[in-house]
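Working notes, beginning with the structure itself.
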Amino acid sequence: MSYHDSVLLKESVDALDIKPNGVYVDVTFGGGGHSREILSRLGEGGKLFAFDQDPDAHENTIDDKRFVLIGENFRYITRFLRFYGVKKVDGVLADLGVSSHQFDAAERGFSTRFDADLDMRMDQKSKLSAKRIINKYEEKELVDVLFLYGELRNARALAKTIVESRAEGEIKTSFQLKEVLKRFLPKAKEHKILAQIFQAIRIEVNQELEVLKEFLSQIPDLLNEEGRLSVISYHSLEDRLVKRFIRTGLFSGEPEKDMFGNTDEPLKKIGKLIVPTKEEIKENNRARSAKLRIATLK
């Protein structure tokens, strides 16, 4: 399978501070770039588990006795590691969002560039597709999806237009959806607005923010002492959740203080936010919005 270069490859794997005989997890295997880099730093006694629910990614599996690829969503990280007898790990790496391969596979419906069925499912077994959301969600549900996940201020008008259009016939493809919404797509901003609309639908289809919350919540109990978490995010919704959880151990509100005014956050950040160099962005456009955050147990 053709996959693009891994983003922030060296930086995100450096962040794990790999022990040769440690146990590590790459929860977003994709093309296997990060996994191969981790394996190159592991000794014979090391172990790497990887997760990817997309069957396409399994074409890239690595023939190495230290490697196990699990075909499940990483929201189930603890459950499936325990299946392999693993209760604690030395590091977890997550490269969030959609892989370049998924964007480039026209038939998957992730990209605004191709006319394809409104699908956007990372897990092909899932019953919830983009087509179902566009054609079956109530108008208010559509407003919520577009506003919360696409950060679109005109979410009400967009949702109303979709509902009115689908009353005349099902909206089946990405280009049909673009045509329905064309009056909201001025030439100068067409790509940006479409990207926000597609992002919103994709996040809802794959429950990406809920998955991220479930995953992060398991990390404090999963990491060994001095274990590391290395997370690359690509949009503000993901990054805010990661940043807040590392800072407070919560996704909303502030941590409670004890009688002495102390709080009990499970993680602490390591270093500052890392972003790609100009050279990496020039070579790999996907890297332009990437943000890497690193944490360890407090």
To the closest 0.5 Å, what do you measure between CG (Asp26) and CG (Asp52)?
8.5 Å

Taking side chain to side chain contact (heavy atoms under 4.5 Å, CB included) as the definition, give me every residue that meets it alongside Asn135, ordered by chain and number, with sequence neighbours left out.
Lys131, Arg166, Glu170, Ile171

Can any side-chain N or O of Ser230 pair as donor or acceptor with the backbone N or O of Leu93 at less than 3.5 Å?
no

Ring pair (Phe, Tyr, Trp, His ring centres under 6.0 Å) contacts touching residues 238-257 (sequence neighbours left out):
Phe245-Phe251

Under 3.5 Å, is there a donor-acceptor pair between the side chain of Asp54 and the main chain of Gly30?
no

For a salt bridge (charged side-chain N to carboxylate O under 4.0 Å, His left out) check, start with the C-alpha distance between Lys182 and Glu179, then their side-chain angles and the critical distance, and finish with the verdict.
CA-CA 5 Å; Lys182 65 181 179 182; Glu179 182 64 23; 2.7 Å; yes

Kindly say whether Asp117 contributes a backbone atom to a donor-acceptor pair with the side chain of Thr173 at under 3.5 angstrom?
no

Salt-bridge contact Asp14-Lys10 (side-chain N to carboxylate O under 4.0 Å)
yes

With a 4.0 Å cut-off on N to O distance, would you call Glu210 and Lys213 a salt bridge?
yes

Can you name the residues that form a ring pair (Phe, Tyr, Trp, His ring centres under 6.0 Å) with Phe29, not counting sequence neighbours?
Phe67

CD on Gln53 to CG on Asn206, rounded to 0.5 Å
6.5 Å

What side-chain donor-acceptor pairs closer than 3.5 Å can you find for residues 264-273, not counting sequence neighbours?
residue, atom, partner, partner atom, Å
Glu265, OE1, Thr263, OG1, 3.2
Glu265, OE1, Lys298, NZ, 2.6
Glu265, OE2, Thr263, OG1, 2.3

Distance, nearest 0.5 Å, that separates OG1 of Thr28 from CG of Asp95:
4.5 Å

Heavy-atom distance under 4.5 Å between the side chains of Leu69 and Ile62, does that happen here?
no

Partner of Glu208 under side-chain hydrogen bond (donor to acceptor under 3.5 Å, both in side chains), picked from His235, Arg202, Gln199, is Arg202

Under the side-chain hydrogen bond (donor to acceptor under 3.5 Å, both in side chains) rule, what pairs show up with a residue in residues 82-93, not counting sequence neighbours?
Asp90-Asn224

Qualifying residue for side chain to side chain contact (heavy atoms under 4.5 Å, CB included) with Leu96, from Ile232, Leu212, Val27:
Leu212

Interatomic spacing from CD in Glu204 to CG in Leu142 - rounded to 0.5 Å:
9.0 Å

N/O donor-acceptor pair under 3.5 Å between Tyr24 side chain and Leu39 backbone:
no

Is the shortest heavy-atom distance from the side chain of Glu280 to the side chain of Arg286 under 4.5 Å?
no

For Phe260, which fellow cluster members are found when Ile, Leu, Val, Met, Phe, Trp and Tyr are connected by side-chain heavy-atom distances below 4.5 angstrom, either directly or through intermediates?
Met259

Salt bridge (Lys or Arg N to Asp or Glu O under 4.0 Å) partners for Glu141, two or more places apart
none

Short N-O contact, Lys178 and Asp115, less than 4.0 angstrom:
no

Tell me the ring pair (Phe, Tyr, Trp, His ring centres under 6.0 Å) pairs involving residues 140-165, sequence neighbours left out?
none

Under 3.5 Å donor-acceptor, Arg293 side chain and Val242 backbone:
no

How would you list, by chain and number, every residue that makes a salt bridge (Lys or Arg N to Asp or Glu O under 4.0 Å) with Arg156, sequence neighbours excluded?
none

Rounded distance (nearest 0.5 Å) linking atom CZ of Arg183 with atom CG of Leu158
8.5 Å

Between Arg121 and Asp123, does any side-chain N to carboxylate O distance fall below 4.0 Å?
no

Determine, stepwise, if the pair Thr78 / Asp221 fulfils side chain to side chain contact (heavy atoms under 4.5 Å, CB included).
CA-CA 9 Å; Thr78 301; Asp221 291 330; over 6 Å; no

Answer with yes or no whether the side chains of Ser6 and Arg36 bring together a donor and an acceptor at under 3.5 Å.
no

Glu238 meets the salt bridge (Lys or Arg N to Asp or Glu O under 4.0 Å) criterion, sequence neighbours left out, with none

Would you find more than 12 non-hydrogen atoms of other residues, nucleotides or ligands less than 6.0 Å from Lys243 atom NZ?
no

Working to the nearest 0.5 Å, report the span between OG of Ser12 and CG of Leu292.
6.0 Å

Got a sec, which residues hit ring pair (Phe, Tyr, Trp, His ring centres under 6.0 Å) with Phe184, two or more places apart in sequence or on another chain?
none

With a cut-off of 6.0 Å (strictly less than), are more than 12 heavy atoms of other residues, nucleotides or ligands near CZ of Arg244?
yes

Between Ser35 and Leu48, is there a side-chain heavy-atom distance shorter than 4.5 Å?
yes

Contacts of Arg75 meeting salt bridge (Lys or Arg N to Asp or Glu O under 4.0 Å) (sequence neighbours excluded), chain-then-number -> Glu214

Is there a side-chain contact between Ile18 and Leu42 in this structure, where contact means two heavy atoms from C-beta onward sitting under 4.5 Å apart?
yes

Do the side chain of Arg132 and the main chain of Lys127 share a donor and acceptor less than 3.5 angstrom apart?
no

Beyond-backbone contact of Ile219 with Val92, side-chain heavy atoms, under 4.5 angstrom:
yes

